[in-house]
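Since the structure comes first, as structure tokens, the remarks are kept for the end.
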Amino acid sequence: MLTQIKVHNLSKAYGHRLLFRNLSLTIPNHSVFVLLGRNGAGKTTFLRILCGLVSASSGEIEITVDGKVLTPQEKRAQIGLVAPELELYEELSAVENLEFFAGVRGIPFSLTSVRELLDFVGLKGRGLDLVHTYSSGMKQRLKYAYALLHEPKILVLDEPTTNLDEDGVKLVEAIIARQRRRGIVVMATNDPREVAYGEQTLSLDTAKPGDLA
Amino acid sequence: MFWQSILGLWLSLVILASFLYMPATQGLGESGRIIVYHVPAAWVAVLAYLMAMVNALGYLRHKDLRFDRQAQVNAELGTVFCILATVTGAIWSRGAWGWYWNWDPRQTSIAVLLMIYAAYFVLRNAVEDPQRRASLAAVYSLLAFLTVPFLVFVVPRVYDSLHPDLINLESRTFAMDKKMLVVFLASLAGFTGLYGWLYNIRLRLENLLHRLESKREVS
Amino acid sequence: MSRRFPWIRQSLVIWHKELRIEFRTRFAYSTLLMFAVTTLITISFSVGGFVPDSDITAALLWIILFFSAMAGLGRTFVQEEEKKTVTALKLAVAPEPVFLGKYFFNVTLLCSLTVLVVPLFLVLLNQSVPQWPPFLVTVILGVLGLAGASTIIAAIVAKAEAKSAMMTILAFPVLVPLLLAAINATRACLAGASGAAPASELYVLLFYNGAVLTASLLLFEYIWNE
């Protein structure tokens, strides 16, 4: 069960504003990769390229699961993303949201397993409330349920503890530890406590061609 | 400079010949001389629009903004020549039928074509990001162009066409005398040359603007 | 069946989600309905007791449906974009089922509007329909085409700025053939039992639907992933 992310000569420019050039690195299985950098350094863009939401200017990111390179379609099943610019449907309840995403992903949906997942992220007893009644911290917790629903091999986290209380931060720690056993965590953060989780860190402020921390 | 002079000379000769050398057309009279300008303008409009479609497909395939600039220039030139064809057509229509505009099938189709490209330019102006602008414009122009052929089946039911056909389908003859045909073909070639020259100049200008913009962003 | 065509199943899931949200907010349907009913009453009021020519009635019916669709369906994708749910959806499913799901939803909306508006229209304008079956086919095919073209144009609009004005500007040139065919066919159906059934217009409507749907499925991913 080998999962691996390989970045080849990745560059991204918006118009002619260069974010990063010729990044090459390998993220091995069972590890946590932390991306650092000032605001606007390109952390989020890197994560978006990894998820296949944005195309790179040149180079590519190759994701291998069980020795097979994933196609863009297969990527959808193996990546879970938690990010500030990703929201869930406010007009639906948490359970309905998860039911919907299970439905489009084609994975079996059962109330008990969804209850378990919601309990795990700390939304016990609130599953049937509409999401627009949630606080921002609760919404963040629900995003973790969305990202873990299909048990992806790769968990991508952008500012993982935004809006979370102490309890929530502990939850994120637990999720990262669990995901490390299952596959890979890639995250972008500036919080020194979160940086400590990573085996490998890369700062986009200082990233020169071919540079790897 | 050399080819421009040839082109200028060529088109001047066509203009002179269309009034002095070419005889007035049978049935249509003096106003029929406009055919030397009207049909080539319509031809160049169709040519430029078709090229714009090819460029749009090229952009979607390669995601290279060069194709988008080509598509934009072709759409602009197509629209200019389309307006010329519409105006010359309306002038001629006034001479032959008595109205400038009567929603003849050809007039309807050309009006819809102009509306499509008007919408196309509105769309281009409403998108900031160049990549996104290119994709949306390409998709819209392909989608809209696809629906144009349906007009052929729908519009003639509203009014019967009064537009003369160049080729008489029943007798399979070309409805032009020899002198007229020579001038007409010369004009067709001249207009095509004019399109090529304008395209080249416009594209070079767009490419320069693009480079200027990128310089400004870097500094 | 559903295992062999995952697109169909996924698009039905999306359709269901749209319906659920629409039932809770009633945003699109109330816009559609209010727009159609206001125009209809204005027309009926200005016409008074006079029974207009079937030429004019046919055009009025499609003008009402066209502008209602523009007002009500323009926000099909804008909502996802503004509420940032678009990323969650993109990561979960391929572009084509998204298009189909939204298309099914727009068809549902427009059909439920038509069921109300067409009888009301015929009653208020005192119009009898001598040829029922072709009339129904015309309305159904016309509404399907209206929904199809509106869906793909709404996807383009959601990615552009100045969203509110764009929908009608972009959709009208694309919809001209459909509207002309639908108006011609409706006119023939309203004119009298003696008139021939408008077969060629119905074919145009049918092929227009096929062409727009096929092109939309092929082109949608270039908009969606932008």
Side-chain angles (χ1 to χ4, degrees), chain B residues 49 53 56-63 67-68 75 79 82 103 105 107-159, chain C residues 55 59 145 148-149 151-153 155-185 187-188 198-226:
Chain B
Y49 280 154
M53 290 305 104
L57 280 174
Y59 177 77
L60 291 184
R61 176 156 303 175
H62 303 288
K63 293 274 171 190
F67 291 102
D68 183 55
T79 307
C82 201
W103 291 109
Q107 291 183 328
T108 311
S109 316
I110 217 166
V112 172
L113 212 52
L114 282 175
M115 273 195 293
I116 288 176
Y117 278 91
Y120 172 86
F121 289 117
V122 171
L123 176 62
R124 291 192 70 96
N125 282 330
V127 190
E128 200 78 52
D129 179 60
Q131 302 277 349
R132 175 179 282 197
R133 183 198 303 140
S135 289
L136 297 190
V139 168
Y140 180 70
S141 62
L142 287 171
L143 184 78
F145 211 70
L146 177 84
T147 62
V148 171
F150 286 100
L151 285 171
V152 178
F153 300 100
V154 186
V155 180
R157 314 237 137 216
V158 185
Y159 300 107
Chain C
D55 279 17
T151 311
I152 186 85
I153 300 287
I156 295 177
V157 169
K159 302 280 180 179
E161 284 114 64
K163 294 178 175 69
S164 54
M166 293 298 284
M167 186 68 188
T168 318
I169 296 173
L170 293 184
F172 183 65
V174 175
L175 279 166
V176 167
L178 176 100
L179 291 174
L180 285 179
I183 290 171
N184 289 346
R187 177 190 296 146
S200 72
E201 268 81 11
L202 293 185
Y203 279 121
V204 170
L205 289 177
L206 190 66
F207 288 126
Y208 179 93
N209 269 294
V212 166
L213 215 53
T214 315
S216 302
L217 279 176
L218 289 173
L219 293 171
F220 180 67
E221 86 170 273
Y222 295 107
I223 309 170
W224 183 238
N225 288 335
E226 200 37 69

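Just the heavy atoms: all of them, side chains too, but no hydrogens, waters or symmetry mates, feed the values below. Numbers restart at 1 for each chain; the letters A, B, ... are given by sequence-line order, proteins then strands.
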Whatever's closer than 4.5 Å to a heavy atom in chain B on C:Leu178 counts as neither

message = One pair to check against side-chain contact (heavy atoms from CB on, under 4.5 Å): B:Val122 and C:Met166. What are the steps and the verdict?
response = CA-CA 8 Å; B:Val122 171; C:Met166 293 298 284; 3.8 Å; yes

The reported gap from CG in B:Leu60 to CG in C:Leu219 (rounded to nearest 0.5 angstrom) is 6.5 Å

In this structure, CZ of B:Phe150 is separated from CG of C:Leu205 (nearest 0.5 Å) by 9.5 Å

Scored by heavy-atom pairs under 4.5 Å with chain C, the best of B:Ala138, B:Pro149, B:Ala118, B:Ser135 is B:Ser135

- request: Could you walk me through whether C:Ile169 and B:Leu123 pass side-chain contact (heavy atoms from CB on, under 4.5 Å), step by step?
  value: CA-CA 9 Å; C:Ile169 296 173; B:Leu123 176 62; over 6 Å; no

| said: Looking at B:Tyr140 and C:Leu170, would you say the former's side chain and the latter's main chain have a donor-acceptor pair under 3.5 Å? | reply: yes

Turns out that what part of B:Leu146 lies under 4.5 Å from chain C's heavy atoms comes down to side chain

Before giving the answer on side-chain contact (heavy atoms from CB on, under 4.5 Å), spell out for B:Thr147 and C:Val176 the whole-Å C-alpha distance, their side-chain angles and the decisive distance to 0.1 Å. CA-CA 9 Å; B:Thr147 62; C:Val176 167; over 6 Å; no

If one checks every heavy atom of C:Leu218 against chain B at 4.5 Å, the contacting part turns out to be neither

Counting heavy-atom pairs under 4.5 Å with chain C, the top scorer among B:Arg133, B:Lys63, B:Met115 is B:Met115

* Asked: Near B:Glu128 CD, under 6.0 Å, is it more than 12 heavy atoms from other residues, nucleotides or ligands?
  -> no

Looking only at C:Ala149, C:Ala215, C:Ala211, the option with the highest number of non-hydrogen pairs under 4.5 Å against chain B is C:Ala211

Of all heavy-atom pairs linking B:Ile116 and C:Pro173, the shortest is CG1-CB, 3.4 Å

Closest heavy-atom pair, B:Leu136 versus C:Lys159, reported as atoms and distance to 0.1 Å, is CD1-CB, 3.6 Å

Original post:
Are there more than 12 heavy atoms of other residues, nucleotides or ligands under 6.0 Å from atom OH of C:Tyr203?
Top reply: no

Honestly, the part of C:Phe220 sitting under 4.5 Å from a heavy atom of chain B is neither

